[in-house]
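Structure first, commentary second.
Below, chain A is the first sequence line, B the second, and so on; all start at residue 1. Keep in mind that the numbers below use all heavy atoms, side chains included, and drop hydrogens, waters and symmetry copies.
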Amino acid sequence: MDAIPLGPVVEASFYRRPAAELAPALLGLELVHETPEGLASGIIVETEAYQGPEDRGAHSFGGRRTARTEVMFGPAGHAYVFSIYGMHHCFNVVAAEPGKPQAVLVRALEPRRGLALMARRRCAGGDRLARPGVLTGGPGRLCQALGITRGQYGLPLFDPASPLRIHYPRPPFTVAAVARGPRINIDYAGEWKDVPWRFWVAGNPHVSRP
DNA sequence: GCCTTGATGACG
DNA sequence: GTCATCAAGGCA
């Protein structure tokens with residue numbers, strides 16, 4: 001698998017749509033991170049849309065514009081990375097037009113390239129890493145496996161020269177059916193917590209929560 | 001207080 | 001084996 005060349009990079013215009021439309025569209029694409037340690041990648045199998053400023057679940061709720069949320073106000077297709085609970089990171093893709101602070105959280109990958117490198121970075125997983133879903137199932141886990149930290153904040157995912165990119169998968173990945181449901185861990189979001197803006201590849205064993 | 005995870009201990 | 005609970009820990 002690692003010997004097969006990457007597919008084309010997904011173009012910038014692909015991301016220029018509302019987060020709730022971009023989130024299901026990202027399923028089946030290949031997220032790639034190249035570092036001095038090597039290349040690692042996985043197929044996106046679970047996403048969540050965050051449609052600030054009206055969405056109480058979003059960091060940009062109410063139009064909150066800080067150093068952390070700044071990239072969400074810019075053009076689509078850039079990386080929004082934030083740290084959470086002091087020890088994990090979450091990777092998001094900026095959506096919509098500039099001025100509209102929307103993003104899509106990537107919650108799970110199906111590992112594709114650089115499996116050994118990812119397992120090394122995810123040493124905390126121990127023996128369980130062999131089980132489906134443990135290596136890259138979960139927003140914090142996939143960031144650890146790919147080596148994504150705030151150092152990748154703002155990178156253009158559509159630029160072939162960027163170390164962090166999204167490609168059309170090669171060989172192709174078929175998304176037979178998309179399932180949807182409420183987003184995870186936003187109990188504080190009031191009426192917004194039940195909006196079915198979580199999308200995943202139906203039946204895929206790598207999603208963070210079936 | 002958070003868009004999380006891994007350890008631990010209860011239970012079958 | 002599953003499921004509920006909880007601490008860890010940095011940044012806003």
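Atom P of nucleotide C:dC11 and atom NE2 of A:His59 are separated by 15 Å, given to the nearest angstrom. Atom CG of A:Leu129 and atom P of B:dG6 are 8 Å apart (whole Å). Remark: P of B:dC3 and CZ of A:Phe61 are 13 Å apart, rounded to the nearest angstrom. Taking atom CE of residue A:Met87 and atom P of nucleotide C:dC6, one finds them 16 Å apart after rounding to whole Å. The nearest whole Å value for the distance from the OH atom in A:Tyr85 to the P atom in B:dT4 is 6 Å. Remark: P of C:dA12 and CD1 of A:Ile84 are 13 Å apart, rounded to the nearest angstrom. Whole-Å rounding puts the A:Ile184 CD1 to B:dC2 P distance at 16 Å. Counting to the nearest Å, the P atom of C:dG1 and the CZ atom of A:Arg131 are 8 Å from each other.
Of all the heavy atoms in A:Ala25 and A:Leu29, the pair that sits closest is O-CD1, 4.0 Å. The two residues A:Ala40 and A:Ala145 have their closest heavy-atom pair at CB-O, 4.5 Å.
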_Check against side-chain hydrogen bond (donor to acceptor under 3.5 Å, both in side chains), A:Ser208 and A:Arg107_ = CA-CA 7 Å; A:Ser208 65; A:Arg107 286 193 56 90; 3.1 Å; yes

*Test log, rule salt bridge (charged side-chain N to carboxylate O under 4.0 Å, His left out), inputs A:Arg209 and A:Glu46*: CA-CA 9 Å; A:Arg209 206 184 293 189; A:Glu46 183 183 354; over 6 Å; no

*Would you sort out whether A:Thr136 and A:Glu110 count as a side-chain hydrogen bond (donor to acceptor under 3.5 Å, both in side chains), showing the intermediate values?*
CA-CA 7 Å; A:Thr136 53; A:Glu110 177 175 306; over 6 Å; no

*Please report the C-alpha distance between A:Glu37 and A:Arg121 in whole Å, then the side-chain angles of each, then the deciding distance to 0.1 Å, and finally whether the salt bridge (charged side-chain N to carboxylate O under 4.0 Å, His left out) criterion is met.*
CA-CA 10 Å; A:Glu37 298 176 277; A:Arg121 288 172 172 149; 3.0 Å; yes

*Is there a salt bridge (charged side-chain N to carboxylate O under 4.0 Å, His left out) between A:Lys193 and A:Asp55 once you walk through the steps?*
CA-CA 9 Å; A:Lys193 86 176 165 63; A:Asp55 176 8; over 6 Å; no

Can you list, pair by pair, the side-chain donor-acceptor contacts under 3.5 Å of residues 79-95 of chain A, counting residues two or more places apart and other chains?
unit_1: A:Tyr80; atom_1: OH; unit_2: A:His59; atom_2: ND1; d: 2.7
unit_1: A:Asn92; atom_1: ND2; unit_2: A:Tyr80; atom_2: O; d: 3.2

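Neither OP1 nor OP2 of B:dT5 sits under 4.0 Å from any side-chain N or O of A:Arg122. The side chain of A:Arg209 places no N or O atom within less than 4.0 Å of a non-bridging phosphate oxygen (OP1 or OP2) of B:dT5.
Here A:Ser60 contributes atom OG and A:Phe73 contributes atom CZ; the two are 6.0 Å apart, rounded to the nearest 0.5 Å. For the atom pair CD of A:Glu54 and CD of A:Gln102, the computed distance is 7.0 Å after rounding to the nearest 0.5 Å.
No side-chain heavy atom of A:Tyr50 sits under 4.5 Å from any side-chain heavy atom of A:Val104. Residues A:Glu30 and A:Tyr168 are not in side-chain contact: their nearest non-hydrogen atoms beyond the backbone lie 4.5 Å or more apart. Looking at A:Phe173 and A:Arg112, their side chains come closer than 4.5 Å, going by heavy atoms from C-beta outward.
Aromatic ring centres of A:His78 and A:Tyr153: separated by at least 6.0 Å.
Map A:His88 and A:Ser83 each onto its nearest nucleotide of DNA chain C; the residue landing nearer the 5' end is A:His88.
Residue contacts shown for A:Arg183 are absent, as no nucleic acid heavy atom lies under 4.0 Å away.
Residues of residues 185-208 of chain A having a heavy atom closer than 4.0 Å to DNA chain C: none are found. Within residues 65-76 of chain A, no residue has a heavy atom under 4.0 Å from DNA chain B. For the segment residues 50-58 of chain A, the set of residues with a heavy atom within less than 4.0 Å of an atom of DNA chain B comprises A:Tyr50, A:Gly57, A:Ala58, in numerical order. At a non-hydrogen distance threshold of 4.0 Å, A:Gly138, A:Pro139, A:Gly140, A:Arg141 from residues 136-157 of chain A come into contact with DNA chain B.
Ion pair A:Glu34/A:Arg165 flagged as a salt bridge, since at least one NZ, NE, NH1 or NH2 atom sits closer than 4.0 Å to an Asp/Glu carboxylate oxygen.
Within the 3.5 Å criterion, the main-chain N or O of A:Ala189 finds no donor-acceptor partner in the side chain of A:Arg56.
Under 3.5 Å, the side chains of A:Gln144 and A:Arg122 contain a donor-acceptor pair of N or O atoms.
Stem regions for DNA chain B, each three or more consecutive Watson-Crick or G-U pairs with both distances under 3.5 Å and listed by first number, read B:4-11 with C:1-8.
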